[in-house]
2 protein chains.
Amino acid sequence: MKIENPNPIQWRFSERAQQLQSSFIREILKITQQPEIISFAGGLPSPATFPVEEMKAAFDKVLSTTGKTALQYGPTDGYMPLRQWIADSLSKDGAKIVPEQVLMVSGSQQALDLLGKVLIDEGSRVLVETPSYLGALQAFSVYRPEFTSVATDDDGLVPASIEPVAQGARLLYSLPNFQNPTGRTLSIARRQELVETCARLGLPLIEDDPYGALSYKGEPLPKMVAMNPDGVIYMGSFSKVLTPGIRLGYVVAPLPLVRRLELAKQAADLHTAQLTQMVVHEVIKDGFLDRHIPTIRELYGNQCQAMLDAMAEHFPAGATWTKPQGGMFIWVTLPKHINAMELLDEAIKHKVAFVPGAPFYANEPEAHTLRLSFVTVPPERIRQGIAILGKLIAARM
Amino acid sequence: MKIENPNPIQWRFSERAQQLQSSFIREILKITQQPEIISFAGGLPSPATFPVEEMKAAFDKVLSTTGKTALQYGPTDGYMPLRQWIADSLSKDGAKIVPEQVLMVSGSQQALDLLGKVLIDEGSRVLVETPSYLGALQAFSVYRPEFTSVATDDDGLVPASIEPVAQGARLLYSLPNFQNPTGRTLSIARRQELVETCARLGLPLIEDDPYGALSYKGEPLPKMVAMNPDGVIYMGSFSKVLTPGIRLGYVVAPLPLVRRLELAKQAADLHTAQLTQMVVHEVIKDGFLDRHIPTIRELYGNQCQAMLDAMAEHFPAGATWTKPQGGMFIWVTLPKHINAMELLDEAIKHKVAFVPGAPFYANEPEAHTLRLSFVTVPPERIRQGIAILGKLIAARM
């Protein structure tokens with residue numbers, strides 16, 4: 001039945017597709033997944049934290065009691081009891097978030113894509129932190145914005161740097177808690193100032209919060225969405241507190257925006273798996289996360305401390321790094337003459353891997369930075385890997 | 001902590017977002033889901049066909065044996081054993097499809113979005129059938145193409161109508177088996193001619209095939225992708241043969257295109273749920289679909305026949321309709337002076353619903369057409385509903 005001598009197609013891709021690039025991190029991960037490599041490159045949560053038994057019991061219960069509904073097409077905006085749970089949990093601090101503001105998505109990466117789709121035209125100005133989350137840069141890039149990087153320091157994003165570049169900007173993307181890649185946290189005073197600045201300028205502020213619950217000590221800082229629910233777009237995820245492989249996240253936005261996002265979602269994939277939403281609701285509805293999250297915090301906190309201790313011992317003077325209060329990452333700044341990409345090549349030869357920092361910059365990459373993750377590596381291996389890395393850095397000093 | 005007197009945001013949406021519209025069908029479904037309404041409006045498969053017990057057993061097995069892997073982030077292109085299964089099943093007729101050509105997606109609606117993203121620029125010409133699947137029009141519309149409708153008749157799309165409008169076209173979207181909305185099937189001779197025409201013109205041909213397995217009698221017709229794997233993009237789905245609520249589909253494309261689609265997928269939602277893919281593979285790997293699909297065919301075939309019989313009895317002369325050999329839909333053409341939207345308003349008052357045909361046209365809607373689905377309505381209710389509808393149509397003759 002095959003046809004004879006077909007012309008080979010000369011593929012003509014859209015302009016946006018011509019500039020699509022694979023995530024550099026995903027490429028590195030392919031190289032570094034061999035078991036003999038001590039990899040600090042991952043952004044993956046530790047599988048030790050996945051509540052397999054609870055998930056299994058919930059799948060069994062949902063399929064046994066409401067299987068036909070769970071397996072049927074569902075509403076685009078999501079499973080109402082789960083949206084209600086999310087709205088309630090975000091309203092605890094006195095903010096008033098209603099479930100109609102919550103749109104369930106297929107992992108919070110999809111929220112980034114939908115926000116880009118709905119808010120960004122070609123050439124639109126988009127404000128991002130310096131450095132910023134790579135997945136956000138990748139998602140927004142598809143819509144061909146002009147990125148403007150705003151200043152950050154050890155307290156996170158510098159609100160005073162917004163106004164000079166806010167003219168015509170479509171959004172400001174921020175990751176205030178234990179930022180990916182730096183591990184930095186935006187201080188309370190800065191949060192207030194940032195929310196006020198954006199509200200005054202009429203600038204939509206995205207608060208991406210995948211790691212917010214993972215504070216090692218004390219309670220998480222107040223959320224910006226609670227300070228101004230009419231101007232802040234909040235993104236949450238079950239990937240870091242439950243499991244990522246089910247692809248479940250959510251975006252909470254003012255009603256005019258969330259309705260547009262819902263329409264974009266309908267065109268993009270109709271809706272997020274109904275079964276998954278019902279199962280997650282079943283797992284978390286009676287307070288499971290309140291018991292579960294402290295175990296993740298303890299595991300990650302211990303491994304973070306092991307890495308910080310090893311770095312203090314083995315990294316040479318001239319290298320500096322962040323001291324995260326939560327989350328999954330430490331950010332290292334080397335002397336300017338050391339190129340982290342070259343360091344990586346050598347490190348891999350010595351069976352250690354990390355992620356060079358340059359891809360996290362929307363503009364003017366700083367090639368002497370790198371990101372380390374400690375969450376999937378046991379303390380003993382952390383010490384070994386950091387000792388090796390310290391030697392390689394020292395040799396380049 | 002709330003800030004004082006924030007300015008309300010004047011939302012500025014992207015140009016593509018300003019024209020986003022909700023699916024008319026989804027809007028109708030909201031109205032017609034009251035149990036007292038006999039609804040032929042649905043496009044949902046019958047929950048009676050969902051293999052709840054098999055799914056439950058598979059979730060239990062996958063989580064028990066490989067839970068940590070199933071719940072972790074997975075590769076963007078998908079779960080290899082499932083991609084291999086799909087490639088093998090498409091290669092049965094002698095075509096050579098390799099698993100590297102298969103990209104798993106979060107329901108085949110996502111394949112439409114990714115294809116639009118990667119192939120369509122603003123103003124690009126896109127060829128679609130007359131009428132065409134509404135979800136495809138909706139997905140492509142986001143990328144603002146110029147749609148050109150190509151002619152169809154009872155044998156499906158007319159290949160000779162392609163060449164005059166192919167100049168500069170980015171793709172031709174077709175649904176050859178039991179088309180949504182018409183229930184028509186593209187004849188074998190037409191398939192061959194269509195594949196040859198597109199190959200000669202260098203025009204990418206999309207073969208969307210959600211219903212192909214649901215033939216009531218005899219075997220499905222040969223797939224176009226098997227005739228020219230280098231020029232045809234095949235889209236498949238587990239929604240109609242297994243269950244839609246898990247959101248799992250796939251696209252099979254020539255390698256240069258599938259790599260771009262994978263990059264677009266990575267930016268859109270990283271990957272499709274790993275657990276879902278592993279569970280579906282577990283359910284189907286030993287021939288389950290060969291036993292299961294015949295039961296769906298029989299159920300739908302009987303209900304289709306019940307509807308056709310009732311239409312022959314109750315619909316007045318002057319109305320014509322398709323006689324599907326499979327799938328989920330019958331397409332009705334009324335005399336030109338009868339507006340199906342007005343008919344729907346009246347039908348709902350009499351507790352019967354259907355979908356007017358106009359939204360399925362990319363250009364020049366034919367307002368005297370409508371779509372009926374029989375799959376979720378028992379035969380007795382089908383007869384009642386068709387009798388009522390027949391009377392309402394007769395009254396307008």
Side-chain angles (χ1 to χ4, degrees), chain A residues 1-3 6-11 13-15 17 20 22-23 44 47 50 52 56 59 63 67-68 70-74 106-107 109-110 113 118-121 138-139 142 195-196 199 202 204 222 227-228 230-231 243-247 256-257 260 263-264 266-270 273-275, chain B residues 1-3 6-11 13-15 17 20 22-23 44 47 50 52 56 59 63 67-68 70-74 106-107 109-110 113 118-121 138-139 142 195-196 199 202 204 222 227-228 230-231 243-247 256-257 260 263-264 266-270 273-275:
Chain A
M1 256 311 192
K2 284 195 79 157
I3 64 162
N7 284 340
I9 287 196
Q10 302 299 317
W11 289 102
F13 298 120
S14 64
E15 290 183 17
L20 275 172
S22 183
S23 155
L44 287 61
F50 300 163
V52 177
K56 202 165 75 175
F59 272 107
L63 285 169
K68 301 283 187 191
L71 294 175
Q72 185 57 287
Y73 284 113
S106 308
Q109 182 73 24
Q110 188 183 39
D113 178 56
V118 161
L119 292 174
I120 302 176
D121 283 309
Q138 204 185 2
V142 170
V195 171
E196 281 169 354
M227 301 176 185
N228 184 16
D230 296 323
T243 142
I246 54 170
R247 310 309 300 127
L257 176 59
R260 291 283 160 164
L263 294 177
Q266 191 180 99
D269 65 359
L270 294 183
Q274 177 88 336
L275 174 61
Chain B
M1 260 300 193
K2 285 195 75 156
I3 65 163
N7 283 341
I9 287 197
Q10 302 299 317
W11 291 100
F13 298 119
S14 64
E15 291 184 14
L20 274 172
S22 182
S23 155
L44 286 60
F50 299 165
V52 176
K56 202 165 75 176
F59 272 107
L63 286 169
K68 300 283 187 190
L71 295 175
Q72 185 57 287
Y73 284 112
S106 308
Q109 181 75 24
Q110 189 182 39
D113 179 56
V118 161
L119 292 174
I120 301 174
D121 283 312
Q138 203 185 4
V142 170
V195 171
E196 281 170 356
M227 300 177 185
N228 183 18
D230 296 324
T243 141
I246 54 171
R247 310 308 301 127
L257 176 59
R260 290 283 161 165
L263 293 176
Q266 192 179 99
D269 65 359
L270 293 184
Q274 177 88 335
L275 175 60

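In what follows, every chain begins at residue 1, and chains take the letters A, B, ... in the order their sequences are listed.
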Exercise for the section: Could you tell me whether a side-chain N or O of A:Arg260 sits under 3.5 Å from a main-chain N or O of B:Phe13, the two making a donor and an acceptor? Expected result: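 No.
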Practice task
Using modelled atom types only, decide if a donor and an acceptor are shared between the side chain of A:Lys56 and the backbone of B:Leu63 within a distance under 3.5 Å.
Solution key: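 Not at all, since once roles are kept as given, no pair shorter than 3.5 Å links the two residues.
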Exercise for the section: Tell me, out of B:Ala17, B:Ala273, B:Pro244, who's got the most heavy-atom pairs with chain A below 4.5 Å. Expected result: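 Option with the greatest count: B:Pro244.
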Handout entry: Partner chain A: residue of B:Gln274, B:Gln110, B:Gln138, B:Gln72 with the largest heavy-atom pair count (under 4.5 Å)
Key =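 Max contact count across the listed options: B:Gln72.
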Region of [X] in contact with chain B, defined by heavy-atom distances below 4.5 Å:
| X | answer |
| --- | --- |
| A:Ala268 | both |
| A:Val142 | side chain |
| A:Leu263 | both |
| A:Gln266 | both |

Practice task
May I ask you to test the B:Val52-A:Leu71 pair for a side-chain heavy-atom distance under 4.5 Å?
Solution key: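 Heavy-atom side-chain distance check passes, below 4.5 Å.
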Problem - Heavy-atom side-chain proximity of B:Asp121 to A:Ser14 below 4.5 angstrom - result: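 Side chain of B:Asp121 against side chain of A:Ser14, heavy atoms only: contact under 4.5 Å found.
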State, to 0.1 Å, how close [X] and [Y] come at their nearest heavy-atom pair, and which atoms those are.
| X | Y | answer |
| --- | --- | --- |
| A:Asp230 | B:Trp11 | O-CZ2, 4.4 Å |
| B:Gln109 | A:Ala267 | NE2-O, 3.0 Å |
| B:Lys68 | A:Phe50 | NZ-O, 3.4 Å |

Once rounded to the nearest 0.5 Å, what's the spacing between atom [atom1] of [X] and atom [atom2] of [Y]?
| X | Y | atom1 | atom2 | value |
| --- | --- | --- | --- | --- |
| A:Arg247 | B:Arg247 | CZ | CZ | 15.5 Å |
| B:Leu44 | A:Tyr73 | CG | OH | 7.0 Å |
| A:Asp269 | B:Asp269 | CG | CG | 7.0 Å |

Practice task
Pick one of side chain, backbone, both or neither for B:Gln10, based on which atoms fall under 4.5 Å of a heavy atom in chain A.
Solution key: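 Looking at B:Gln10, nothing touches chain A.
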Handout entry: Per-residue contact mode, B:Ala139 against chain A (heavy atom under 4.5 angstrom)
Key =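 B:Ala139 touches chain A through backbone and side-chain heavy atoms alike.
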Handout entry: Most chain B-contacting option - heavy-atom pairs closer than 4.5 Å, from A:Leu275, A:Leu270, A:Ile246
Key =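 The residue among A:Leu275, A:Leu270, A:Ile246 with the greatest pair count is A:Leu270.
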Problem - chain B interface, residue from A:Ser106, A:Pro256, A:Gly107, A:Ala70 that has the most non-hydrogen pairs under 4.5 Å - result: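 So the answer, after comparing A:Ser106, A:Pro256, A:Gly107, A:Ala70, is A:Pro256.
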